[in-house]
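Nothing here was measured: the structure is a model prediction, and the numbers come from that model.
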Amino acid sequence: MKNDRLKAAIDDRLSALHGTPESRERIMRCMKEDAIVKKKMSYSIILAATMVVLLASVALAAVNHTDLIGWLFGENAPREMVQQALTKPEAVAEKDGLKLSVDEYIYDGNTLSLNIAAESGRDGTVFFHTDNPAFEQEFQVTTIGLGIGPDEFIALGGTVDGKLVENRVNTFVAYQVPDEVAGNPIQIKLTGRFYTPKKPIVALPDTHGDYDLYPEDSDHIYLQNGRYTVLQNYPAGIEAMAAATNVDDVLDLFHMQPLGDIELTLTVQHNTGALRHTRVDGQTKFDYPEYAVQITKADFGTASTMIEYTVTTKPGATRSLNGERGGTLAFVLLDTDGKLIQMPWSGGGDNFDDGTERIEWTSRGDPMQQVPSRITLMPYNEAAFNTSGDDDPSPYFYTEEAMQLIIVPN
């Protein structure tokens, strides 16, 4: 039971250190046996399996990459095209032998991705942590990738178990930008937080599992892949953290002494002249006996692909969107040749008193070298497909309700 709660809390990536009071309260509640979860009428469908795998691997990716394109897309990126959206700003702040910088960013109007670097010129090992960047404009952004979890500290410099620790590390974060500010300059404030350890540091072997608890030892800080993950700390510390009432108590449990903060302000610019964007030409609203679909975006951009649409069921509909009646209505995207376009998706919506449902879907994927002239939004029976054991959803398509979208430059 304890390990289940721990894994759920790690997956949630909530900060017990510098997050909002609400996030600290929630992470404490996650680790208590008597947590109560209330069902709400509104619901969220958070990410397809491919996105879950992506986010689960993102923290490790920051250790293996120093360039933003490599972190975002790996070896499969149309690198020459994406380079058009890449900027290397001269954004550096230093204090007391510590440095915070933004090495690169990609802002294509749909998404904003940052390559953040921290560096230590001090003797011994220090630890680095950064909160989510603060945006000076008042708008809500959606985090789509995080290179350092809010419960993680990254080691910089010094030696651990006789081995040198890199004194510079890159970490990455990516956001979906809301339509009301897309394309406009965005002002960002970054805060890098640095700490000195209050206990000796011990490196864990490579065989230690990503979600395994650290050994029951309160006399050491355990380092895994260059990181100290708070919620994997010894069990006694987890229980004590659940009872903590203020940040100072939590810091003491984490064996960290604040060394100082560094702030960095940056304005990111959207290079509109060099970037590719697309839209749907023609029909964007489709009406069927049981539901209606409104296409709001189909942008095959320079650095990302973004498809957005809203589905609303009608009174008396026999097919359900959210699974409460079987989840018999879902959607996939097909390219011009009828092949599946593999993209992670997320969605959220509501159930209404009259039995109708509404979900706003977002499919976000890597950029495509060639823009398809036409794509198809294809409804299918998700429940039947999921229980079939098939790899191909096409036998479960509602082909008579296929929606053809003509894609043109924007």
Side-chain angles (χ1 to χ4, degrees), residues 13 15-19 57-72 86-106 112-135 143 145-160 163-175 187-199 201 203 221-231 247 251 254-268:
R13 318 306 273 180
S15 175
L17 182 59
H18 292 295
S57 64
V58 153
L60 295 179
V63 177
N64 300 323
H65 289 285
T66 58
D67 69 298
L68 186 55
I69 294 177
W71 176 73
L72 285 170
L86 182 75
T87 299
K88 296 184 177 182
E90 296 181 0
V92 182
E94 300 182 66
K95 184 174 70 174
D96 300 331
L98 304 170
K99 184 185 295 185
L100 179 70
S101 62
V102 175
D103 287 355
E104 306 166 302
Y105 70 79
I106 290 177
L112 168 63
S113 305
L114 303 172
N115 178 355
I116 302 167
E119 186 174 348
S120 172
R122 300 171 67 99
D123 294 333
T125 301
V126 302
F127 281 87
F128 165 70
H129 174 86
T130 183
D131 303 330
N132 278 328
F135 296 88
T143 304
L146 190 65
I148 175 173
D151 58 325
E152 292 180 318
F153 299 85
I154 301 180
L156 297 171
T159 60
V160 174
K163 297 181 180 180
L164 291 175
V165 178
E166 294 286 342
N167 70 338
R168 192 178 196 274
V169 67
N170 294 79
T171 184
F172 306 87
V173 66
Y175 296 97
Q187 291 183 305
I188 304 170
K189 184 174 76 173
L190 298 172
T191 302
R193 306 185 188 278
F194 296 85
Y195 304 85
T196 53
K198 296 197 294 184
K199 301 280 186 178
I201 305 169
I221 287 175
Y222 285 93
L223 206 62
Q224 184 175 16
N225 296 318
R227 294 165 183 246
Y228 169 53
T229 304
V230 168
L231 289 180
V247 172
L251 268 175
F254 296 171
H255 311 317
M256 292 289 165
Q257 177 69 38
L259 186 58
D261 295 348
I262 297 180
E263 292 188 350
L264 175 64
T265 301
L266 171 70
T267 299
V268 301

Give, for atom CG of Asp261 and atom NE2 of His129, the distance between the pair rounded to the nearest 0.5 Å. 10.0 Å

Looking at Thr130 and Thr191, would you say the former's side chain and the latter's main chain have a donor-acceptor pair under 3.5 Å? yes

Assign the ring pair Phe128 / Phe194 to parallel, tilted or perpendicular, where the plane angle (0 to 90°) is split at 30° and 60°. tilted

If you measure from CG on Asp103 to CD on Glu90, what distance do you get to the nearest 0.5 Å? 12.0 Å

Is there a side-chain contact between Pro197 and Phe153 (heavy atoms, below 4.5 Å)? no

Kindly give the heavy-atom pair with the smallest separation between Leu264 and Ala91, and that separation in Å. CD2-O, 3.7 Å

Which is it for Glu104 and Ile69 under the side-chain contact (heavy atoms from CB on, under 4.5 Å) test, yes or no, and what are the steps along the way? CA-CA 9 Å; Glu104 306 166 302; Ile69 294 177; over 6 Å; no

Rounded to the nearest 0.5 Å, what separates atom CZ in Phe135 from atom CD1 in Ile188? 5.0 Å

Heavy-atom closest pair (Glu263 atom, Ala93 atom, distance to 0.1 Å) is O-CB, 3.5 Å

Take atom CD in Glu166; do more than 12 heavy atoms of anything else shown fall under 6.0 Å from it? no

Looking at Leu98 and Ile262, what are the two nearest heavy atoms and their distance? O-CD1, 3.4 Å

Does NZ in Lys189 sit with more than 12 non-hydrogen atoms of other residues, nucleotides or ligands closer than 6.0 Å? no

Could you walk me through whether Val173 and Ile116 satisfy the side-chain contact (heavy atoms from CB on, under 4.5 Å) test, starting with their C-alpha distance in whole Å, then the side-chain angles of each, then the deciding distance to 0.1 Å, before giving a yes or no? CA-CA 8 Å; Val173 66; Ile116 302 167; 4.2 Å; yes

Determine yes or no for a side-chain-to-main-chain donor-acceptor pair under 3.5 angstrom, with Thr125 supplying the side chain and Gly157 the backbone. yes

Which heavy-atom pair separates Ala174 from Leu72 by the least distance, and what is that distance? CB-CD2, 4.4 Å

Considering all heavy atoms, the nearest Pro258-Tyr195 contact: CA-CD2, 3.6 Å

Closest non-hydrogen atom pair, Leu68 against Ser113: CD2-O, 3.5 Å

So does Arg122 get a backbone contact from the side chain of Ser120, meaning a donor-acceptor N/O pair under 3.5 Å? yes

To the nearest 0.5 Å, tell me how far His255 NE2 sits from Lys198 NZ. 8.5 Å

Quick one: OG1 on Thr171 to CD on Glu152, what's the gap to the nearest 0.5 Å? 8.5 Å

For Trp71 and Phe172, take the angle between the two ring planes, folded into 0 to 90°, and tell me which bin it lands in: parallel under 30, tilted 30 to 60, perpendicular over 60. parallel

To the nearest 0.5 angstrom, please state how far the CD1 atom of Ile201 sits from the OH atom of Tyr222. 12.5 Å

